[in-house]
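Each remark here refers to the structure printed beneath this line.
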There are 2 protein chains.
Amino acid sequence: MTSTRAVPPGVSAAMLDEALLRMARIVGDGALLTTDEAVAEFRDPYTFAGWEQYLPSAVVQPSTVEQVQAIVRIAGELGVPLWTTSQGRNNGYGGSAPRVSGSVVVNLRRMNRVLEVSEEHAYAVVEPGVSFFDLYEAVRGAGHRLWISTPDLGWGSVVGNTLDHGFGFTVNGDHVGAQCGMEVVLADGSLLRTGMGAMEGNRAWHVHKRGFGPSADGLFMQSNLGIVTRMGVWLMPEPEAYCAGWIRSRRHDDLGPIVDALRPLVLDRTINGYPTVWYAQAFAAMRSVRSDWYTGDGPLPDEVFSAMVDAYGIGRWNVRIPITGRREVVEAQWRAVERAAAQIPGAWTERRLYPGDVRPEDVDPGDQVPAGIPGLHLLQRMGWFGGVGGHVGFSPIAPLSGANAVELDGLVRGALAERGLDYNAAFILNPRAVVLTALMFFDTGDEAQAQAAFDVCKHLVREAARRGFGEYRAHLDFMDLVAEQYAFGDHAQRRFNERLKDALDPAGVLSPGKQGIWPGGGRTADS
Amino acid sequence: MTSTRAVPPGVSAAMLDEALLRMARIVGDGALLTTDEAVAEFRDPYTFAGWEQYLPSAVVQPSTVEQVQAIVRIAGELGVPLWTTSQGRNNGYGGSAPRVSGSVVVNLRRMNRVLEVSEEHAYAVVEPGVSFFDLYEAVRGAGHRLWISTPDLGWGSVVGNTLDHGFGFTVNGDHVGAQCGMEVVLADGSLLRTGMGAMEGNRAWHVHKRGFGPSADGLFMQSNLGIVTRMGVWLMPEPEAYCAGWIRSRRHDDLGPIVDALRPLVLDRTINGYPTVWYAQAFAAMRSVRSDWYTGDGPLPDEVFSAMVDAYGIGRWNVRIPITGRREVVEAQWRAVERAAAQIPGAWTERRLYPGDVRPEDVDPGDQVPAGIPGLHLLQRMGWFGGVGGHVGFSPIAPLSGANAVELDGLVRGALAERGLDYNAAFILNPRAVVLTALMFFDTGDEAQAQAAFDVCKHLVREAARRGFGEYRAHLDFMDLVAEQYAFGDHAQRRFNERLKDALDPAGVLSPGKQGIWPGGGRTADS
């Protein structure tokens with residue numbers, strides 16, 4: 001153990017040592033990381049010079065639910081704050097780093113078992129350390145005729161992504177909607193099973209979402225009220241056919257028409273996956289770096305952007321449209337998409353039709369993720385500015401309409417341009433809502449640029465709220481700020497969450513500050 | 001005010017009078033019902049001789065959220081228990097009657113405004129007094145090209161049905177799944193808005209289900225933690241076509257093959273509505289009474305049942321299969337259903353294809369409900385035994401398979417036969433689960449028969465739990481018994497619910513005993 005260790009506020013170094021010693025006895029020495037080198041991996045991955053916040057004191061990696069229960073009890077007795085992460089790959093939002101410096105990160109990567117796969121009822125039961133790659137292997141690798149849903153990067157935890165309200169792109173792309181049945185360790189170390197799982201031996205735990213009485217599942221998402229140690233996740237039966245459709249347009253002004261043309265088809269599930277409208281920058285950044293195109297200051301000039309788009313033969317806007325089902329049904333649905341696309345001034349369409357049992361290597365890389373084939377292609381974007389690439393995410397949600405998409409696009413684009421940052425965004429189309437995920441890229445070696453990326457996010461959080469848009473997740477650095485925008489009824493939501501926090505975690509040791517929820521007493525960030 | 005009024009345990013008659021006096025000042029005299037005659041309507045509608053439980057002391061009918069807040073505050077100050085109902089039409093489970101005799105029923109029928117209908121995003125915002133008839137009028141009556149989802153009886157509250165985990169039969173048939181955004185009065189009289197509604201002026205309150213941080217919506221369903229005063233409900237765009245399909249079979253043994261043949265089509269949403277497998281008794285009871293067929297004792301003999309089925313030209317099993325969408329898609333989906341039906345030994349199919357804008361009077365009565373056209377046809381079943389018909393529901397859930405459906409069918413049928421009661425059931429097919437709704441009919445004038453119906457339910461609750469099946473709702477008279485079956489972790493769920501109850505409603509005035517959740521202190525039923 002080293003002496004540079006961060007210590008949480010209100011806890012003595014001796015007390016922290018005592019907690020770590022007791023935790024080591026529970027998990028074994030190999031599963032408690034305390035050296036600077038080992039702990040560094042669990043800091044914010046895009047830490048830049050001058051950034052000395054959100055530092056873990058140590059990392060404990062339990063491998064069983066009993067170990068999680070014991071760790072929680074130790075923390076409660078000694079008042080040592082914990083911070084739970086599953087894979088901890090949530091990089092645009094802080095990775096594994098804790099909100100309060102000195103917290104012990106409870107990292108669940110070693111709880112990585114796929115406990116069950118049901119082909120008959122199309123679900124799996126996973127522990128929090130299971131990544132999308134792991135789940136894919138356990139499902140398709142094992143020959144089950146099922147598809148999983150994965151976000152664009154497959155290394156994250158299925159549980160972690162779901163608990164943070166993540167999205168994929170199959171019919172189960174709303175990952176919260178595809179969650180069914182949890183096991184949760186509460187702050188007192190006791191174990192709760194939600195839904196039908198509250199009945200010992202119930203057969204329907206992972207096929208029906210609710211039991212008898214109130215449903216608590218939502219309480220354990222984006223939350224610090226418990227540690228989820230097991231979760232049911234719905235899969236989809238392997239479809240007969242998969243239509244990977246694309247609409248592209250080189251016209252900047254086509255964003256609105258694209259969203260409006262697709263809105264009725266997404267709403268009535270003619271498009272039964274989750275379409276994504278990609279700004280071309282995402283593709284360019286995967287295949288090149290900024291200096292290949294431009295070495296000047298300020299945002300990329302429009303004529304440079306145009307040349308880049310032309311060079312790759314893509315659109316400024318590129319809409320990935322997944323449709324799955326029986327072949328004749330999919331064909332009919334795609335015809336409806338083509339009719340809609342014909343209303344968009346600058347649009348053209350492409351599509352590839354695959355059989356549902358296609359081998360992953362026979363699927364175009366751009367079509368893999370919506371077919372539930374996990375990958376890491378998008379990681380290649382990170383080095384856009386050269387140096388070690390970092391990014392931070394700004395993620396507001398709006399009712400699904402062209403006007404809202406255009407308003408959000410203009411808001412973010414303008415704010416970035418003022419700060420000389422490039423615009424990069426994707427819009428995920430839900431049946432009734434559009435989710436903007438804007439990634440602000442920066443070179444972690446450039447402190448001013450990194451700071452500008454965080455500043456623009458904070459500016460946008462306030463400005464979006466003023467216009468009636470809220471974020472659905474946030475980086476550690478502005479979780480409090482985002483929570484503050486949800487202020488109806490003199491912060492009724494915050495007070496409600498605090499009452500639950502005090503009732504369920506009176507010692508306040510589970511992930512204090514997560515999503516702006518603080519334990520009793522100070523009720524403010526102190527680190 | 002009359003002197004026969006029930007008084008809640010631990011409350012003096014004077015205190016109750018004081019509460020009622022203050023409530024009358026809030027809502028006006030006309031909205032506080034205290035006479036025996038007026039209050040009787042809010043008792044269990046199938047009260048039979050010898051049944052002196054679950055008696056309201058009075059009924060208060062607020063018309064605004066501010067009135068609800070004031071009522072809750074009065075109750076909290078004086079310790080008078082309330083019992084919330086919306087329409088209070090939940091007749092097979094106790095109607096408007098409170099768990100604790102002497103409770104003041106807060107009936108929300110006068111809060112009956114449809115606050116918004118969005119055709120663009122296919123949702124409505126309703127107060128709890130809005131019935132399915134009301135919503136239908138506000139949507140289709142007003143010319144919106146949207147369909148609502150309704151359960152088989154349309155007089156119930158949209159909010160009440162949703163909060164009690166009710167089902168309809170369109171693509172939005174899982175009513176909890178179609179809920180989006182709530183306003184809730186808490187026990188301290190404060191107001192909470194869930195999801196994006198926690199941000200004042202947020203545009204996405206009713207189009208996106210979650211905000212920032214934990215989601216509380218599930219806490220207010222089947223619950224006594226708050227009073228929901230406003231709710232968003234998702235509708236569906238009027239489809240191009242509606243295929244009302246039926247599969248019928250006269251073979252008793254076809255239940256298993258029916259469920260197994262349909263399972264993959266429900267799972268992959270080829271059948272995108274919620275199919276229902278009706279036992280023929282439901283139809284016979286709508287058109288006749290028992291004595292038309294048989295006047296002997298014991299359950300209806302099989303040969304009599306066969307003759308009845310033949311007389312109506314229906315099956316013993318009759319599966320209602322709703323499919324909606326583009327005409328060519330619906331046609332392709334129905335062909336898949338026909339191929340599946342060909343595997344069922346005794347089955348034949350029927351279908352009617354309607355345009356989505358069909359006038360309700362042009363839809364066959366049996367096809368109306370799955371098209372979101374509310375009705376009361378099923379009410380005609382109630383008088384099966386003659387006299388004033390009552391019924392009580394037994395509603396377990398199982399993974400969707402023929403074997404589970406057959407097991408539940410046999411379990412219920414056997415238990416009823418032992419007690420001389422007729423079998424009556426419908427199975428609602430969810431993508432991964434089957435919900436059995438078995439109604440035990442009785443003549444309210446026949447105390448022994450009524451008691452037998454309740455006894456068989458209680459027997460079945462225990463026996464089902466032993467086999468791994470849990471109920472999804474329950475009559476007042478066995479809410480505690482059902483909750484008791486959810487006993488994992490030494491009743492971890494109950495203890496969790498009690499901690500929430502104590503934190504959010506320390507005076508314990510909101511619907512004590514609902515779903516087996518009791519406020520601090522006794523933690524047992526006392527009435």
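What you see is a predicted model, and the numbers here were worked out from it, not measured in a lab. Sequence lines set the chain letters: A, B, ... in the order given, protein chains first and strands last, and positions in each chain run from 1.
- The choice from A:Arg495, A:Gln333, A:Arg326 that makes the most heavy-atom pairs within less than 4.5 Å of chain B is A:Arg326.
- The closest side-chain donor-acceptor pair between A:Trp518 and A:Asp480 falls under 3.5 angstrom.
- Most heavy-atom pairs under 4.5 Å with chain B: of the set A:Met199, A:Lys209, A:Gln515, this distinction falls to A:Met199.
- With respect to chain B, the highest number of heavy-atom pairs below 4.5 Å among A:Val329, A:Asn224, A:Leu400 belongs to A:Leu400.
- Distance check, rounded to the nearest 0.5 Å: OH of B:Tyr123 to CG of B:Leu146 gives 11.5 Å.
- The choice from B:Thr194, B:Asp164, B:Ile397, B:Leu163 that makes the most heavy-atom pairs within less than 4.5 Å of chain A is B:Ile397.
- Residue contact with chain B, scored on non-hydrogen atoms closer than 4.5 Å, involves the backbone and the side chain of A:Trp234 alike.
- In this structure, CZ in A:Arg263 is found 8.0 Å from OG in A:Ser401, a value given to the nearest 0.5 Å.
- Heavy-atom pairs under 4.5 Å with chain A were tallied for B:Gly197, B:Ala492, B:Ala198; the largest tally goes to B:Ala198.
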### Task
Check the pair A:Asp174 / A:Phe167 against side chain to side chain contact (heavy atoms under 4.5 Å, CB included), numbers first and verdict last.
CA-CA 5 Å; A:Asp174 175 25; A:Phe167 292 98; 4.2 Å; yes

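- Checking B:Thr270 against B:Asp268 by side-chain atom types alone, a donor-acceptor pair falls below 3.5 Å.
- Taking each heavy atom of A:Ala216 and B:Leu219 in turn, the nearest pair found is CA-CD2, 4.5 Å.
- The contact list for residues 179-186 of chain A toward chain B, using heavy atoms and a distance under 4.5 Å, reads A:Leu186 by residue number.
- At a threshold of 4.5 Å between non-hydrogen side-chain atoms, the residues B:Glu471 and B:Phe478 do not count as touching.
- A:Arg210 CZ to A:Phe212 CZ: the interatomic distance, rounded to the nearest 0.5 Å, is 14.0 Å.
- Interface remark: of the candidates B:Ala433, B:Ala464, B:Ala398, B:Pro399, B:Pro399 forms the most heavy-atom pairs closer than 4.5 Å to chain A.
- Ring orientation note: the planes of A:Phe220 and B:Phe496 are tilted relative to one another, at an angle of 30° to 60°.
- For B:Asn272, no part lies near chain A; criterion is any non-hydrogen pair under 4.5 Å.
- Judged purely by distance below 3.5 Å, without hydrogens or angles, the side chains of A:Asp188 and A:Ser190 pair a donor atom with an acceptor atom.
- Only the side chain of B:Glu328 comes within less than 4.5 Å of a heavy atom of chain A; its backbone N, CA, C and O stay farther away.
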